[in-house]
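One structure below.
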Amino acid sequence: MNDPTFDSLFARAAERRAAGPRCRFAPSPTGPLHLGNARSLLLAWLHARLLGADLVMRMEDLDRPRVKAGSAAQILDDLRWLGLDWDEGPDIGGPLGDYTQSRRDALYQTALDRLIARDLVFPCFCSRKDIERAASAPHGHTLTYPGTCRRLDEAGRFAAQARHPDRRPGFRLVVPDRVVTVEDAVLGVQRQDLRREVGDFVVRRSDGLFAYQLAVTVDDALMGITHILRGEDLFPSTPRQIYLWDLLGYSCPEFWHVPLMLDPAGKKMSKRDGSASIAEFRNDGGRPEVLVGQLAASLGLAESGQALSARELLGSHDLSSLNRCLATAAGRVSPA
Ligand code: GLU
């Protein structure tokens with residue numbers, strides 16, 4: 001349980017973060033990057049470079065069944081084509097790797113073992129249907145876990161497994177009765193009641209894979225990440241991650257959750273729905289300056305119709321102008 005790799009990485013990450021800000025890209029190689037992904041990643045790059053941060057590329061291929069062969073290499077190639085760069089990553093190495101999630105299972109297991117040793121994790125035999133039936137009222141799109149398996153003793157667990165002989169249990173983390181406050185640089189102050197709005201959440205799935213929430217918090221802690229800029233669709237996960245960092249003894253990064261780009265029909269873009277991708281834009285002969293200009297203009301960071309490189313975009317902003325454009329796009333402040 002005292003894994004020297006985990007602890008030495010944790011200590012090295014602390015040294016790195018003490019030396020200066022650290023940011024990350026965290027794409028999932030589940031298909032070609034659509035233009036919404038491209039915009040969030042362009043913003044993550046701009047933010048990191050304006051901060052003077054080290055920028056880490058982490059390939060989030062945790063969810064093996066959804067990973068598409070060739071997609072990781074395509075993502076790196078598309079982002080370089082767009083004019084973005086990074087300081088550590090799967091293709092260039094670095095002091096706090098491995099930078100590919102599928103090669104980090106031992107680290108996730110150590111974190112899980114430590115939570116189990118503190119009696120904070122329990123096996124859960126519930127299917128989604130069971131939870132839907134038992135949950136009093138769903139909050140938004142996420143179902144609040146009603147605590148069914150948390151209350152089981154040894155005999156109860158045995159009986160639950162006997163009732164579902166084919167079902168492997170998942171593992172859930174007990175959440176405290178706590179309202180978590182997040183001061184997001186773009187969205188402002190937000191609150192989430194962990195127990196009432198989320199409930200005990202999955203840290204290891206019933207298919208044996210580590211859950212996103214556990215992996216991403218372990219990775220951000222062991223890579224010394226100080227600032228996270230990502231799409232606002234991930235905001236609802238943030239309080240869970242803050243709680244996990246708290247348990248790991250990691251100080252919480254600063255957050256910038258940015259508005260998502262919508263498709264022409266006003267819907268959230270998705271790889272699954274085949275939203276327009278960087279790859280298509282490239283294949284159609286598009287130039288990176290045109291795409292950077294379009295993505296930037298959609299947030300008021302450039303004039304509409306302007307073509308400019310990522311470097312030129314960087315040269316025309318500072319952190320406060322970036323923050324102002326994002327907060328305006330998120331509907332928080334009116335344009336200056
Ligand atoms: N890999 C996740 C995604 O592509 C991002 C995770 C994160 O930024 O925390 O949606």
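Keep in mind that what you see is a predicted model, and the values were worked out from it rather than measured. Residue numbers start at 1 and run along the sequence shown. As the structure lists them, so they are numbered: ligands from 1, and atoms in each ligand from 1.
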For [X], counting its heavy atoms only, list the atoms of ligand 1 lying under 4.0 Å from any of them.
X	value
R230	7 (C), 8 (O), 9 (O)
V216	9 (O)
S28	1 (N), 2 (C), 3 (C), 4 (O)
E60	1 (N), 2 (C), 5 (C), 6 (C)

Query raised in the report: So, are D85 and R311 salt-bridged, with charged N and O less than 4.0 Å apart?
Result: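 A salt bridge is present here (some side-chain N lies under 4.0 Å from a carboxylate O).
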
Query raised in the report: Looking at ligand 1, does R24 have a heavy atom less than 4.0 Å from it?
Result: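 Yes, R24 has a heavy atom closer than 4.0 Å to ligand 1.
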
Query raised in the report: Is there any N or O on P27 that sits under 3.5 Å from an N or O of ligand 1?
Result: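 Among all N and O atoms of P27, none is under 3.5 Å from an N or O of ligand 1.
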
**Report entry** No-hydrogen, no-angle side-chain donor-acceptor test under 3.5 Å, W86 and D91
**Finding:** yes

**Report entry** Donor on one side chain, acceptor on other, Q101 and D219, under 3.5 Å
**Finding:** yes

**Report entry** Name of the residue among T100, D105, D98 meeting side chain to side chain contact (heavy atoms under 4.5 Å, CB included) with S102
**Finding:** T100

Report task. Examine H164 together with F125 and report whether their ring centres are nearer than 6.0 Å. Result ->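 No, ring centres 6.0 Å or more apart.
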
Report task. With side-chain contact (heavy atoms from CB on, under 4.5 Å) as the test, would you mind laying out the steps for R22 and L96 before giving the verdict? Result -> CA-CA 12 Å; R22 290 177 59 81; L96 297 175; 3.5 Å; yes

Query raised in the report: Heavy-atom contacts under 4.0 Å between L234 and ligand 1: side chain, backbone, both, or neither?
Result: side chain

Report task. Around atom 5 (C) of ligand 1, find the nearest protein heavy atom and jot down its residue, atom name and distance. Result -> A26 O, 3.4 Å

